[in-house]
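Structure first, commentary second.
FYI, the numbering just counts along the sequence from 1.
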Amino acid sequence: MNKIKIAIVGMGNCASSLIQGIHYYDGKNPDEAIGLMHWDIGGYSPSDIDVVAAFDIDARKVGKSIDEAIFAKPNCTTIFQEEIPKYDVCVSMGHVLDGVAPHMSNYEEDYTFVVSDEEPVDVVEVLKKSGAEILVNYLPVGSEKAARFYAQCALDAGIAYVNCMPVFIVSDDEWDAKFRQKGIPVVGDDIKAQIGATITHRTLANLFKDRGVKLDRTYQINTGGNTDFLNMLNRDRLDSKKESKTEAVQAVVAERMDDRDIHIGPSDYVPWQNDNKLCFLRMEGRTFGDVPMNIELRLSVEDSPNSAGCVIDAIRCCKLGLERGIGGQLTSISSYVMKHPPVQVTDDEAYENVEKFISGDLER
């Protein structure tokens, strides 16, 4: 089959894990494919994805080939696939806009962004020349203007858009109408992890509901040491992130919780954690006879591979949307792998809908 040609905005840890994974699974068979939710989606395996264009603003990545850029500072995720073939594609200078928070300049270069002095490219022109079919957005949290800029670039280039960060584009009716009118599929917003803080919190909240336990109060506090957590020290950039993570849990509780009783969001940046993310979760409730109970949980995951395990399915489902001529929101895969999809359903229902979409029994 033909390759799925993608472009990536933001060559950070998440892009590194995705590209490592594409080559890690190359040559393997389904029995060896540990860590995938789907080996085959519409005839496409993980190694059928090809990165044909990339954009970043960091001087250590711009102008470098993709295989070099994914291992350049400040990337710090686990390297599980050291051997990456030489790419002919070099990273293009993107548009900074609001993609770099001012406080990032206060930290050592190994941990923060170093903005290149190269002139930004014409993104639409690069996308068209590359032959990309899908643009994957990995911009930092809080990059509201930049995320919308690249979404418009995808529209202008006539390619699909997978929005992995918490700016509400795919779940916005106006943006959906634009993509629908052009017959271009979109998946978003804000990627979940395979087994991460949000999916674990949702699963436990749903368990409380199914078992008749009243959930009174809950918090989810996360720490990490990658550029994502450093970027999120600026609380002004967190509104959409907190909303995305909070609504993902609110969507599965029996009764909507008072804002005072639910707290979900990044807590702090711990440099030595690198790409390791720690989630501290507490849930307080009442069982039979109104008797109190509580759960405390500590979850430790490598953040970016956890994300890539979902993005690799989002890309392949997006390709099916292109082949089937579907424009606008792909609600099934969005509900399955995104925190703030256009339609919130339980994770069991989302899984069933994705299976139906892949088989062709569900339109979107």
Side-chain angles (χ1 to χ4, degrees), residues 8-24 34-35 54 56-62 64 66-84 91 99-101 103-115 136 138-143 164-166 190-200 220-235 237-238 241 245 264-281 297-312 339:
I8 298 176
V9 180
M11 295 298 288
N13 288 308
C14 290
S16 177
S17 291
L18 174 64
I19 293 167
Q20 287 185 62
I22 290 169
H23 298 288
Y24 176 81
I34 294 172
D56 204 281
I57 53 81
D58 196 292
R60 294 160 291 186
K61 298 174 184 177
V62 173
K64 300 290 177 60
I66 286 174
D67 53 291
E68 293 178 283
I70 61 172
F71 298 128
K73 294 287 187 182
N75 290 6
C76 59
T77 191
T78 294
I79 298 175
F80 58 89
Q81 177 64 27
E82 292 186 4
E83 295 182 9
I84 305 292
V91 178
V100 179
H103 76 281
M104 299 289 281
S105 63
N106 298 329
Y107 293 84
E108 295 178 37
E109 289 186 357
D110 280 357
Y111 306 103
T112 188
F113 304 129
V114 178
V115 179
V136 179
Y138 278 134
L139 287 168
V141 170
S143 307
C164 299
M165 46 89 68
D190 196 12
I191 196 72
K192 286 177 189 170
Q194 275 181 289
I195 300 294
T198 296
I199 193 74
T200 301
Q220 179 199 127
I221 295 172
N222 303 304
T223 68
N226 56 28
T227 48
D228 191 35
F229 277 89
L230 178 58
N231 169 63
M232 290 188 292
L233 287 179
N234 183 339
R235 301 303 188 193
R237 299 173 71 87
L238 289 185
K241 183 68 174 178
K245 288 176 71 66
I264 300 176
S267 176
D268 213 344
Y269 167 67
V270 182
W272 58 261
Q273 281 185 228
N274 291 322
D275 197 39
N276 179 249
K277 176 179 179 178
L278 293 180
C279 163
F280 301 92
L281 180 63
L297 177 147
R298 178 185 181 275
L299 173 69
S300 174
V301 293
E302 193 74 0
D303 208 17
S304 301
N306 218 357
S307 154
C310 288
V311 176
I312 210 155
K339 297 186 186 82

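By the side chain to side chain contact (heavy atoms under 4.5 Å, CB included) test, Phe71 is found to be paired with Ser16, Gln20, Ile79, Ile84, residues two or more places apart in sequence or in another chain being considered. For the side chain to side chain donor-acceptor pair (under 3.5 Å) test, residues two or more places apart in sequence or in another chain that qualify with Ser143 are Arg237. Ala72 pairs by the side chain to side chain contact (heavy atoms under 4.5 Å, CB included) definition with Arg60, Lys61, not counting sequence neighbours. With sequence neighbours excluded, no residue forms a salt bridge (Lys or Arg N to Asp or Glu O under 4.0 Å) with Lys277. Remark: Phe280 engages no residue in a ring pair (Phe, Tyr, Trp, His ring centres under 6.0 Å) (not counting sequence neighbours). Listed by chain and number, the residues in a side chain to side chain donor-acceptor pair (under 3.5 Å) with Thr227 amount to none (sequence neighbours excluded). Asn276 meets the side chain to side chain contact (heavy atoms under 4.5 Å, CB included) test with Gln273, Leu278, Ser300, Glu302; sequence neighbours excluded. Legend: residues meeting side chain to side chain donor-acceptor pair (under 3.5 Å) with Asp67, ordered by chain and number and at least two apart, are Ser65. Residues meeting the side chain to side chain contact (heavy atoms under 4.5 Å, CB included) test with Val62, sequence neighbours left out: Met93, Ser116, Glu118. Applying the ring pair (Phe, Tyr, Trp, His ring centres under 6.0 Å) rule to His23 yields the partners Tyr87; only residues at least two apart in sequence or on another chain are considered. Lys241 pairs by the salt bridge (Lys or Arg N to Asp or Glu O under 4.0 Å) definition with Asp190, not counting sequence neighbours. Looking at residues two or more places apart in sequence or on another chain, you find no side chain to side chain donor-acceptor pair (under 3.5 Å) involving Thr200.
Remark: Met11 CE to Tyr138 OH distance equals 10.0 Å, nearest 0.5 Å. Taking SG of Cys76 as the start and OH of Tyr111 as the end, the distance is 9.5 Å to the nearest 0.5 Å. Taking CG of Asp110 as the reference point, atom NZ of Lys73 lies at 4.5 Å (rounded to 0.5 Å). Note that the OG1 atom of Thr223 and the CE atom of Met232 stand 10.5 Å from one another [nearest 0.5 Å]. Interatomic distance, CG of Asp275 versus CG of Asp303, reported as 5.5 Å (0.5 Å rounding). Between Gln194 atom CD and Ser307 atom OG the span is 9.5 Å, to the nearest 0.5 Å.
Counting heavy atoms of neighbouring residues, nucleotides and ligands inside a 6.0 Å radius, atom OH of Tyr24 does not exceed 12 of them.
Within the 4.5 Å cutoff, the side chain of Pro140 has no heavy atoms near those of the Met165 side chain. No side-chain heavy atom of Cys14 sits less than 4.5 Å from a side-chain heavy atom of Val311.
Side chain to side chain, Asn13 and Thr77 fail the donor-acceptor criterion of an N or O pair below 3.5 Å.
Here the closest non-hydrogen pair linking Ala69 and Asn75 is O-ND2, 3.9 Å. Closest heavy-atom contact between Ile195 and Asn306: O-ND2, 2.9 Å. For Ala193 against Ile199, the heavy-atom pair with the smallest separation is O-CG2, 4.1 Å. Of all heavy-atom pairs spanning Phe113 and Gly99, the tightest one is CE1-O, 4.4 Å. The two atoms that bring Leu299 and Gly196 nearest to each other are CD2-C, 3.4 Å, heavy atoms only. Heavy atoms only, all atoms of each residue included: Ser267 and Ile221 are closest at CB-CG2, 2.9 Å.
With Asn222 contributing its side chain and Pro266 its backbone, the two residues share no donor-acceptor pair below 3.5 Å.
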